Amino acid sequence: MPRFGWSAHTPVALLEHDALGFGAAGDAWRPALLRSPVAAPGTAMLRARDGRVEVLTGRELARPSDRFRAVDLRRRLLTLAPQSIAVLEGVDVAVTAAISVRTTDPVAFATSAADPDAEVYLAVQIALRDAVALAPLDAVLVRELDMRGVVAAAHEAAAGVGLTVDSVVLKDVRAPRALEAAREEAVVVDLRSRIELERARGEVKATRARLASAQMLDRSPVLARVRLLEALPPGTSLTVADGALGPAWGLGRGGSAEAGGAEASDGSDGAED
């Protein structure tokens, strides 16, 4: 169907073409029929007219030469691929980082660079390599890396392409497998050494307690006899001769016996306890 200027009877196919591609943000500039497209929530609608790009605040009449583009304003994440970087000791570690960015200047975002996200990505990648190369291995493995230089580089790159960096965090750090195995073995050896040390300390304390108990019993014969009575198993018979106590083992209940060494020398009968 031929087109003759503006018409209230625009074909349905042309109306569908007018809305095509503006439901989500993209990097393509598209024409529009009759009126400018409506920006979706979380996006800004740009219009290029006569070499000038501006942000639309509402729907306006569109010229045939006008071009429109939707720019996403929502926060998004850029994740660095694992970077193999040598630390201060010369050991290579695999490091990844995550960058949270959002578009704050849609015009600069659309006109300053072909790929604004890649600009920030590259700046963080280079700064992260410099930071890891100057850090010791232990600090990198526990994520105690000084990220101030990385964050500053990200902000500087983002400011030139209409972006704002909310955060840059060290995501994952992986050491070579051989180094990880050695560190795990060192942890196991250290744990075993602590266990053996605690066991030795317990044995020393037990030995000292036995020695102190033996010395106390040696100084107090009465206490020694009481402890002897407490230690006898049930059913043990005792023979008392001249005030001496001695166990008679293997006797049944109610039995009587004379304990060796505890019997009176004059042959007198023992009393059963």
Side-chain angles (χ1 to χ4, degrees), residues 77 79-100 127-151 167-240 243-253 255 257 259-262 273:
L77 291 177
T79 303
L80 266 68
Q83 310 290 313
S84 182
I85 309 172
V87 297
L88 188 62
E89 292 85 351
V91 179
D92 288 344
V93 295
V95 180
T96 60
I99 315 159
S100 176
L128 183 62
R129 286 181 173 274
D130 294 339
V132 172
L134 298 177
L137 177 62
D138 292 338
V140 175
L141 292 179
V142 297
R143 296 179 178 82
E144 293 181 354
L145 185 65
D146 187 3
M147 298 288 289
R148 289 176 295 180
V150 180
V151 174
S167 63
V168 181
V169 296
L170 199 61
K171 186 179 178 183
D172 296 314
V173 179
R174 293 295 302 272
R177 183 55 193 164
L179 181 59
E180 290 184 351
R183 292 175 64 88
E184 292 175 0
E185 183 178 356
V187 172
V188 172
V189 171
D190 181 66
L191 182 60
R192 289 177 177 173
S193 299
R194 293 182 181 180
I195 294 175
E196 293 296 333
L197 179 60
E198 291 300 325
R199 183 180 292 113
R201 288 176 178 175
E203 293 178 355
V204 170
K205 291 181 180 179
T207 302
R208 290 177 178 176
R210 295 191 188 99
L211 179 60
S213 178
Q215 293 175 348
M216 182 177 297
L217 294 176
D218 184 63
R219 292 193 299 266
S220 177
V222 175
L223 180 59
R225 293 174 182 177
V226 172
R227 290 294 300 273
L228 174 62
L229 292 175
E230 293 176 349
L232 292 176
T236 302
S237 298
L238 295 177
T239 298
V240 179
L245 293 179
W249 304 99
L251 298 180
R253 292 184 177 181
D273 186 4

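A quick note: this is a predicted structure, and the numbers were derived from the prediction, not measured.
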Taking all non-hydrogen atoms of both residues, which atom of [X] and which atom of [Y] are closest, and how far apart?
X    : Y    : result
G149 : A127 : O-CB, 4.1 Å
V168 : M147 : CG1-CE, 3.9 Å
L141 : A175 : CD2-CB, 3.9 Å

Rounded to the nearest 0.5 Å, what's the gap from CD1 on I85 to CG on D92? Could you check?
9.0 Å
Rounding to 0.5 Å, atoms CG (L170) and CG (D146) come to a distance of 11.5 Å
Can you sort out the partners of T96 under side chain to side chain contact (heavy atoms under 4.5 Å, CB included), two or more places apart, ordered by chain and number?
P82, K171, D172
Minimum side-chain heavy-atom gap L88-V140 below 4.5 Å
no
Below 4.5 Å, heavy atoms only, C-beta onward: do V132 and V87 meet side chain to side chain?
yes
For residues 201-211, run the donor-acceptor check on the side chains, cut-off 3.5 Å, and write out each pair with its distance to 0.1 Å, sequence neighbours left out.
residue : atom : partner : partner atom : Å
R201    : NH1  : E198    : OE2          : 3.2
T207    : OG1  : E203    : O            : 2.9

Give a yes or no on this: more than 12 heavy atoms of other residues, nucleotides or ligands lie within 6.0 Å of atom CZ of R143.
yes
